[in-house]
There are 2 protein chains.
Amino acid sequence: MALPRSEEKRIALLESAAAIMAAQGLGASTASIARGAGVAEGTLFRYFATKDVLYNALYTHLKLDLAAALRQHMAVHDSLDGQVRALWDAYIDWGVSNLSFFKTLNQLVVSDKVTAETRSTVASQLSDIKCIAQACSDNNGLTALPGGFADAVFMALAETTIQFVVRDPANGQAYKSAGFRVFWSGSVR
Amino acid sequence: MALPRSEEKRIALLESAAAIMAAQGLGASTASIARGAGVAEGTLFRYFATKDVLYNALYTHLKLDLAAALRQHMAVHDSLDGQVRALWDAYIDWGVSNLSFFKTLNQLVVSDKVTAETRSTVASQLSDIKCIAQACSDNNGLTALPGGFADAVFMALAETTIQFVVRDPANGQAYKSAGFRVFWSGSVR
DNA sequence: AGTCCTGTTGTGAGTACTCACTCATTTGTT
DNA sequence: AACAAATGAGTGAGTACTCACAACAGGACT
């Protein structure tokens, strides 16, 4: 299995997959994904041996893209509140301005097409962000919600908030701070 | 098109669909649904003319089942806090003990297979519950989150909470009250 | 009782279609 | 010329849905 020639085509296929799956669900056909990337269907299978391989590569691609966006806005704040708020804002902004990425990533997260191996490989590349969301917070007054629950609540609230910001952008700031307030006032002891 | 003979078979088909779709997604085949209900594939199409009709009937069935469960536990409390908490507990309990119903309903809610007509017909049968969750709360101190946001936050937190209770039942009560606290302390002014 | 008649319900092989995936061929580069 | 990359019609498996028929109920008439 030689390495694919063109990184461009690989990216084009991944972004086409994200866009089309956001609209049609994970069941979107390989034919339409290839067409969207401007290549033949057979070419898709040169880059991703099976559709499952594509799912896993897409999960990795989207997660790393999100992580890169978060890192850019992770200025060091004095207060934990400020730090978490910056993370929150960056997350919401990424979701709103990459809506099809966001939608597809959410579907992949709950899908059984993404293997545990892929998930843990990606997670290990995100340890710096986890640190803020979790290790740091434990030492600073966040409530003792059972393991992982605070993370999940953060994600669930962010997902809801993004939906509302997209649907009604005029009130975007209101949703953003309301969503954060729910998370924060409910999480702090 | 005469009415189907046996209400039993109709229910069996709906419950089979809910169970199989919870495991395999909405794309589960009509063949497997019929097999799960113990009838031939052709029989499914005597009860539901197309798969889309089945989706809509299933949405209605599950929503009404949930509503019935909520009504049973909607004792009148003196405080708004108590009333909403009772609603929260009933919702979580239903999700936990009808997990496949819950999972399938969540997929149907975001699916475009369920028509606006079905949604509004069902909603009109749930007005008494909406009253507590919304009309009542507006008059009693819930924060002025933009329209529908509080509802969505409630649902998102409940979904997350149910996942954790199912995954780790020993700490069920802890998740349940933690989830409610996030909702409540973030929602009250 | 037993046997035909009639209408509806239940059946599953059959149909047309879409899907993921293949491979002989063409295209492009060196 | 030599080689790999790209192509897209072709393949078999699986899909939603159909339809000619089997199964069975309950009268009505011997």
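In what follows, every chain begins at residue 1, and chains take the letters A, B, ... in the order their sequences are listed.
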Let me know the distance between [atom1] of [X] and [atom2] of [N], rounded to the nearest Å.
X: B:Q24; N: D:dA16; atom1: CD; atom2: C1'; answer: 15 Å
X: B:L13; N: C:dT11; atom1: CG; atom2: P; answer: 10 Å
X: B:L44; N: D:dC19; atom1: CG; atom2: C1'; answer: 16 Å
X: A:E8; N: D:dA6; atom1: CD; atom2: P; answer: 11 Å
X: A:R10; N: D:dA6; atom1: CZ; atom2: P; answer: 14 Å
X: B:I33; N: D:dG14; atom1: CD1; atom2: P; answer: 17 Å
X: A:I20; N: C:dC19; atom1: CD1; atom2: C1'; answer: 15 Å

note = With sequence neighbours left out, the residues meeting side chain to side chain donor-acceptor pair (under 3.5 Å) with A:R119 are none

note = Each nucleotide of nucleotides 20-30 of chain C classed B (base within 4.0 Å of a protein heavy atom), S (only sugar-phosphate) or -, in 5' to 3' order, makes BBB--------

Can you give the donor-acceptor pairs under 3.5 Å from side chains of residues 163-170 of chain B to other protein atoms, not counting sequence neighbours?
unit_1: B:D168; atom_1: OD2; unit_2: B:N171; atom_2: ND2; d: 2.8
unit_1: B:D168; atom_1: OD2; unit_2: B:Y175; atom_2: OH; d: 2.9

task = Keeping the roles fixed (side chain from B:S120, backbone from B:E117), state whether a donor-acceptor pair exists under 3.5 Å.
result = yes

Donor-acceptor pairs are to be reported for all side-chain atoms of residues 23-40 of chain B against protein atoms at under 3.5 Å, with residues two or more places apart or in another chain.
unit_1: B:S29; atom_1: OG; unit_2: B:S32; atom_2: N; d: 3.1
unit_1: B:S29; atom_1: OG; unit_2: B:S32; atom_2: OG; d: 3.2
unit_1: B:T30; atom_1: OG1; unit_2: B:E41; atom_2: OE2; d: 2.9
unit_1: B:S32; atom_1: OG; unit_2: B:S29; atom_2: O; d: 2.8

remark   = Closest to the side chain of A:T43, out of C:dT11, D:dA6, C:dG10, is D:dA6

ask   = Who are the salt bridge (charged side-chain N to carboxylate O under 4.0 Å, His left out) partners of B:D81, not counting sequence neighbours?
value = none

ask   = Mind checking what makes salt bridge (charged side-chain N to carboxylate O under 4.0 Å, His left out) contact with B:K9, not counting sequence neighbours?
value = none

task = State whether A:Y47 places a side-chain N or O below 4.0 Å from either non-bridging phosphate oxygen (OP1 or OP2) of D:dA6.
result = yes

